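Here the structure comes first, spelled out in structure tokens, and everything after it is commentary.
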Amino acid sequence: MLNAEQPVLSIRNLSMNYGDKPVLKNIDMEVYPGQIIGYIGPNGAGKSTTVKIMLGLVEGYTGDISLFGKRISDGDWEYKRNIGYVPEVIDIYDNLTASEYLTFVGELYGLSWSTANMKAKRLMHILGLGEEVYDKAISSYSKGMKQKVMLISSLLHNPDLLFLDEPLSGLDANSVMIVKELMSQLAAQGKTIFYSSHIMDVVEKISNRIVLLHEGRIVADGTFESLKHHSQEGTLEQIFTQMTGFHEHAAIAEEFVSIVQEV
Amino acid sequence: MREIRSLLVLDRFRSLFDKLGIDYAVMRKILQVKLLMDRRRVPTVIGERSKIHEEEFLESNNFMKSLWIYGIYGAIMIPIIVMGDNYFIQMSLVFGMSMFIMMTTMISDFSSVMLDVRDISTLSTKPVDPKTIRMAKTMHISIYMFILTFVLMAPGWVASIIRHGIGFGLIYLLETILMDMFILVMTSIVYLVVLKLYDGERLKDIINYVQIGLSIGVAVGYQLVIRSFDLVQSALAWTPTWWNFFIPPLWFAAPFELLKGNRNGYYIAFTVLALCVPICLFLTYTKFMPAFEQNLIKLMHSQSMRSAKSSHGVIQRLSKWICRSTEEQAFFRFALRMLGSEREFKLKVYPSVALMAVLPFIFIFSGLRSKSWAELADSKLYFTIYLSLMMIPTVVNMLKYSGRYKGSWIYTVAPIQNIALLHRGTIKAVMVRLFLPIYLILCMVLIGVFGITIIPHLMIIMFSANLYLLLCYQWIGKSLPFSVSFAGAQQESQWTIFPLVLLLLPFAAVHFGISNNSYAVYGYMVILVLVNAVMWKFMFRGTRPHDSSKNLSIHK
């Protein structure tokens with residue numbers, strides 16, 4: 001178990017360019033055990049890129065990143081053993097069955113086949129996906145079912161740090177409730193959750209820290225209360241639009257309607 | 001998970017991998033999953049996906065089922081090998097064929113192995129050494145190549161040992177290995193260059209074209225190989241030229257001549273090339289690998305959209321010119337785009353269209369063997385162009401299928417006044433996009449061979465084709481276009497179009513019957529135009545959207 005004073009994740013001076021276009025500019029952040037971090041920002045702000053860099057999927061950044069007190073650029077991939085990841089786009093080997101896929105992922109994390117199978121089967125069952133679904137090809141699943149499989153695959157090995165990119169997309173209201181509750185219970189166990197979402201109400205309610213990214217920079221970082229105090233706005237949605245300097249929503253909607261009515 | 005035999009073989013080399021610092025257990029697991037997925041994939045050579053049930057899908061082994069085709073190609077090469085003692089020509093044919101088959105298979109079916117972006121988010125995020133992942137990928141391709149090569153080359157190899165002796169067989173074996181290395185690297189280079197120059201979408205298009213090319217090549221190549229036998233027998237003398245150095249199959253054929261004791265300078269040079277080029281390429285390739293992977297990430301990021309703007313104005317004008325109502329114009333443009341851009345549709349339809357387009361030439365050229373050019377130009381062999389019209393029922397029959405069939409809900413949701421306009425627009429699009437371009441090319445070649453006197457006849461054939469298209473559509477086209485999944489497309493199709501192919505006979509017979517009387521020719525042309533006009537006017541009346549929407553729901 002990690003010491004509560006030691007950061008699970010620390011990012012110093014992180015910058016990244018795609019070609020000559022800067023995506024991240026001097027990001028600094030420290031994350032401690034038990035935190036649920038809502039990582040928000042407009043499309044293209046660099047959220048997914050940050051996560052991909054931490055997972056070693058994207059190279060060519062500058063700056064320092066340490067996970068669990070170790071620098072990740074040292075070429076040691078062992079740190080990934082403690083991480084669970086749900087990608088934004090469901091890239092999944094969908095011609096496998098859930099059973100085949102989940103046991104495979106479990107084994108890659110070092111679980112035995114039978115442990116992985118047992119755990120996966122029970123977790124699927126709890127989320128309402130019974131045995132007959134478990135042995136069907138994932139390609140035949142609905143979007144919500146696939147999302148559940150992704151969630152399970154990220155948690156099978158009991159990781160200490162979770163990266164969830166839009167974990168609620170495609171889930172129905174009841175499943176959303178389960179996942180929200182799941183996240184706070186995991187955090188209470190000392191696990192760290194780093195997640196991004198576009199649904200501001202959810203972020204507002206479940207995160208105990210919110211990091212707002214805009215054009216590759218962190219423009220706000222703190223609890224919802226402190227953000228509210230700072231910007232004097234009532235909801236996270238309003239804070240979001242204020243911080244990202246977006247005020248034209250009414251004007252855009254108006255213009256949209258007028259174009260629609262032209263026919 | 002089921003045990004896979006190739007892995008049991010691989011297990012024997014376990015210590016070798018351990019020495020290389022590879023986590024063998026993890027690599028084996030990755031391979032196991034990858035091979036399992038391969039079994040469920042349908043290779044391009046088979047091309048036809050039959051309706052399969054869930055359990056069958058999970059148990060099936062499509063890859064192994066496709067192997068017999070390669071076995072047949074392998075068997076076809078036996079006669080070429082045993083036929084004579086002109087090693088150079090025989091073996092360059094053999095290696096040319098094998099390289100074509102291997103290369104196109106690699107590009108079309110391996111794209112999913114080499115370019116699987118899911119690897120990045122699934123494997124690279126896990127605590128697995130990148131070296132192990134890379135080795136798993138290499139082994140995956142090697143296993144696949146080994147099996148393919150074995151099936152393709154083994155029949156010829158056995159035959160060559162029996163016919164030409166052990167020495168010949170040894171060279172054959174060694175060169176087969178070199179050829180595999182060469183092809184592996186060449187394929188990777190093709191991918192690398194395309195990925196460097198274009199985005200991922202473009203690559204998918206190029207893979208699609210290669211797949212189409214493979215299907216065409218196999219169909220046409222089959223015809224050519226049969227004809228090339230007498231080419232071999234007539235023992236053509238080979239005169240070397242400088243550009244021969246750029247034809248790899250010739251390199252591979254040269255060592256066999258050396259074996260015969262034929263120490264020509266060219267043969268020695270080619271042998272050196274056959275030996276050195278694959279090995280050098282392979283060594284540089286191992287250094288390429290990481291660069292290759294970085295380009296793969298680009299594939300994952302590619303979001304650039306294809307612009308279809310360039311041809312927009314032309315299509316706009318064209319649609320206004322040949323369709324009256326705006327609704328019909330919209331359908332015409334829609335169908336035109338679908339015919340041109342939907343990859344699965346192109347893959348299924350273009351090869352058979354191409355095959356039928358070359359059918360007349362196969363007949364005309366066999367005519368050339370017994371006749372001189374002058375005799376040929378006087379003959380009526382241009383009537384073989386009627387064979388090309390067989391593409392019409394094939395296309396019409398496939399029109400209802402699409403890889404994106406789920407999008408067809410738009411037909412039922414949109415308030416379409418008269419569904420007949422959709423059919424009219426689609427038929428016109430088939431005419432403009434598929435039939436006319438091919439027909440015009442055919443006509444140009446035929447006019448070149450037979451002279452301008454056949455122009456009235458070609459016009460008659462074009463009007464007949466138009467009429468024939470309408471009849472075919474009337475016969476088959478009850479479903480809405482692009483609204484049914486390709487799964488289950490196969491069984492019925494051949495039987496549905498058979499009667500329609502027979503329908504071509506009266507067209508050809510009447511035309512042939514009147515072809516000597518020029519008055520009758522023009523009279524017939526006028527009649528055809530009139531019948532066409534009447535058909536267009538009356539055929540698409542009164543089809544209501546509801547008739548077809550019922551059909552649509554059945555297929556869901």
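Naming: A, B, ... by sequence-line order, numbering from 1 per chain. The structure displayed is predicted, hence computed values, not measured ones.
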A:Ile92 portion near chain B, given a 4.5 angstrom heavy-atom threshold: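 For A:Ile92, the backbone is the part near chain B, not the side chain.
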Could you tell me if the side chain of [Y] sits less than 4.5 Å from the side chain of [X], heavy atoms only?
{"X": "B:Val33", "Y": "A:Tyr101", "value": "no"}
{"X": "A:Asn95", "Y": "B:Leu36", "value": "no"}
{"X": "B:Leu123", "Y": "A:Phe104", "value": "yes"}
{"X": "A:Tyr93", "Y": "B:Asp119", "value": "yes"}

Give the C-alpha distance, both sets of side-chain angles, the deciding distance and a yes or no for side chain to side chain contact (heavy atoms under 4.5 Å, CB included) between B:Thr122 and A:Leu108. CA-CA 10 Å; B:Thr122 313; A:Leu108 288 182; 5.5 Å; no
Taking everything shown except A:Glu131 itself, do over 12 heavy atoms lie less than 6.0 Å from its CD?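 Counting other residues, nucleotides and ligands, CD of A:Glu131 stays at 12 neighbours or fewer.
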If you count heavy atoms of other groups shown closer than 6.0 angstrom to CZ of A:Phe246, is the number above 12?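 Count over threshold, so yes.
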With B:Thr125 via side chain to side chain contact (heavy atoms under 4.5 Å, CB included) - residues at least two apart: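 With sequence neighbours excluded, B:Thr125 shows a side chain to side chain contact (heavy atoms under 4.5 Å, CB included) to A:Leu55, A:Leu57, A:Tyr85, given in chain and number order.
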I'd like to check the side chain to side chain contact (heavy atoms under 4.5 Å, CB included) partners of B:Ser325; sequence neighbours left out, ordered by chain and number.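 B:Ser325 satisfies side chain to side chain contact (heavy atoms under 4.5 Å, CB included) with B:Glu327, B:Glu328, B:Leu421 only.
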From A:Glu107 CD over to B:Gln32 CD, what is the distance, rounded to the nearest 0.5 angstrom?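 With rounding to 0.5 Å, CD (A:Glu107) is 7.5 Å from CD (B:Gln32).
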How far apart are the closest heavy atoms of A:Glu78 and B:Pro127, and which atoms are they?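 Shortest heavy-atom separation between A:Glu78 and B:Pro127 comes out as O-CB, 4.4 Å.
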Verify, without hydrogens or angle tests, whether B:Lys126 (side chain) and A:Gly106 (backbone) share a donor-acceptor contact under 3.5 angstrom.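 No, because the side chain of B:Lys126 does not come within donor-acceptor range (under 3.5 Å) of the backbone of A:Gly106.
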